[in-house]
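A short write-up of the structure that comes next.
These figures come from a predicted structure and were not determined experimentally. Side-chain atoms are counted along with the backbone in the values below, which use heavy atoms only and exclude waters and symmetry mates.
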Amino acid sequence: MQWWNEFVAWILSDGARPWLFTAAVLFAAVVAAGLLSAWIARRAVRGLIRQRDRELRDAAVAALIDAATEASVWNSLTPQEQVLSDRAVGQADLQVRLLPVRGADVAADWASHQLHELKRASATFGYQLDPAVVEFRDRLLEWQRHPSRTRRDFRNDLDRWRAQRSEPEQAVIAEQDSWVAEQHHERYVPSPLIDQATEPQTTADADTGPTPVASEAADETAAETRR
């Protein structure tokens with residue numbers, strides 16, 4: 001207990017005050033430096049996360065805009081190109097839904113509906129698709145800049161389309177889409193009549209008689225035999 005009493009007496013003495021003040025200043029400086037470092041690191045990590053989210057959102061929006069361009073000429077694509085385009089659209093739709101942005105699923109639903117309408121309109125002759133693609137691009141770019149404000153507009157559009165939808169019209173539209181898909185598929189399927197037309201020509205070429213050179217050689221051989 002004697003060393004403790006001596007320590008307490010030294011702390012309470014006038015000579016210990018400069019040491020205590022220096023220790024307090026050092027402790028406060030270390031705590032402030034630790035808090036400042038943690039704040040800077042947190043801001044840096046948040047900046048990296050925001051940059052990564054922005055890059056993912058830019059890539060997803062760019063993929064959807066490119067898909068809209070292909071959807072505007074959907075009826076002129078081959079079946080293989082349509083499959084590749086659908087896969088790209090599916091990946092972009094998944095990227096948009098996984099974005100940590102409020103209302104990302106609403107934007108994905110709106111884009112999916114618009115892409116479907118562009119595909120249907122591509123089979124309509126005389127339909128001007130350039131304004132529709134430009135509007136699709138501008139709306140998505142606006143959502144990219146202002147997600148919260150554009151989310152309400154997307155939700156209003158979805159509600160209006162849902163209210164305008166009726167079962168008889170949907171059945172007719174589904175039948176029309178199925179007929180257009182069948183016609184498009186038949187256009188790229190090779191016709192069996194062409195194959196049948198090429199087969200007789202090949203057979204006729206194979207059944208042709210000997211060449212003139214072979215005939216002359218046979219005549220000369222017969223003349224030498226008669227001699």
- Task: For R162 and D159, run side-chain contact (heavy atoms from CB on, under 4.5 Å): C-alpha distance rounded to whole Å, both residues' side-chain angles, the deciding distance at 0.1 Å, then the answer.
- Result: CA-CA 5 Å; R162 193 177 296 110; D159 294 338; 3.0 Å; yes
- Does the pair R97/D109 count as a salt bridge with the N-to-O cut at 4.0 Å? yes
- Message: Check this for me: R155, atom CZ, are more than 12 non-hydrogen atoms of other residues, nucleotides or ligands nearer than 6.0 Å?
- Response: no
- Item | Residues that Q51 engages under side-chain contact (heavy atoms from CB on, under 4.5 Å), provided they are two or more places apart | L48, R54, E55
- Task: With sequence neighbours excluded, tell me which residues meet side chain to side chain donor-acceptor pair (under 3.5 Å) with R52.
- Result: none
- Note on the structure: When every non-hydrogen atom of E70 is compared with those of S85, the smallest separation belongs to OE1-OG, 2.8 Å
- Quick one: list whatever passes side chain to side chain donor-acceptor pair (under 3.5 Å) with D86, sequence neighbours left out. K119
- Compare all side-chain heavy atoms of L56 with those of L99 and state whether any distance is below 4.5 angstrom. yes
- Query: Which value, rounded to the nearest 0.5 Å, describes the distance between Q82 atom CD and S76 atom OG?
  - Reply: 8.5 Å
- Contact summary for W143 and G103, nearest pair of heavy atoms: NE1-O, 4.2 Å
- Note on the structure: Applying side-chain contact (heavy atoms from CB on, under 4.5 Å) to R145 and not counting sequence neighbours gives L141, E142
- Item | Nearest non-hydrogen partners of A68 and F136, listed with the distance | CB-CD2, 3.5 Å
- Spatial distance of atom CG (L98) from atom CG (D105) [nearest 0.5 Å]: 11.0 Å
- Message: Quick check for you: to the nearest 0.5 Å, what is the distance between R42 atom CZ and S37 atom OG?
- Response: 14.5 Å
- Query: Under the side-chain contact (heavy atoms from CB on, under 4.5 Å) test, which residues partner W161, sequence neighbours left out?
  - Reply: W110, H113, Q114, D157, L158, Q164
- Taken to the nearest 0.5 Å, the spacing of F154 CZ from L140 CG works out to 5.5 Å
- State, with a plain yes or no, whether a side-chain heavy atom of L64 is found less than 4.5 Å away from one of L115. yes
- Query: Which atom pair, heavy atoms only, marks the closest approach of R139 to D153?
  - Reply: NH2-CB, 3.9 Å
- Message: Checking the side chain of D66 only, and the main-chain atoms of A62 only, is there a donor and an acceptor separated by less than 3.5 Å?
- Response: no
- Here the pair of heavy atoms bringing P147 nearest to R57 is CG-NH1, 3.6 Å
- Task: Could you list the residues that satisfy side-chain contact (heavy atoms from CB on, under 4.5 Å) with R43, not counting sequence neighbours?
- Result: W39
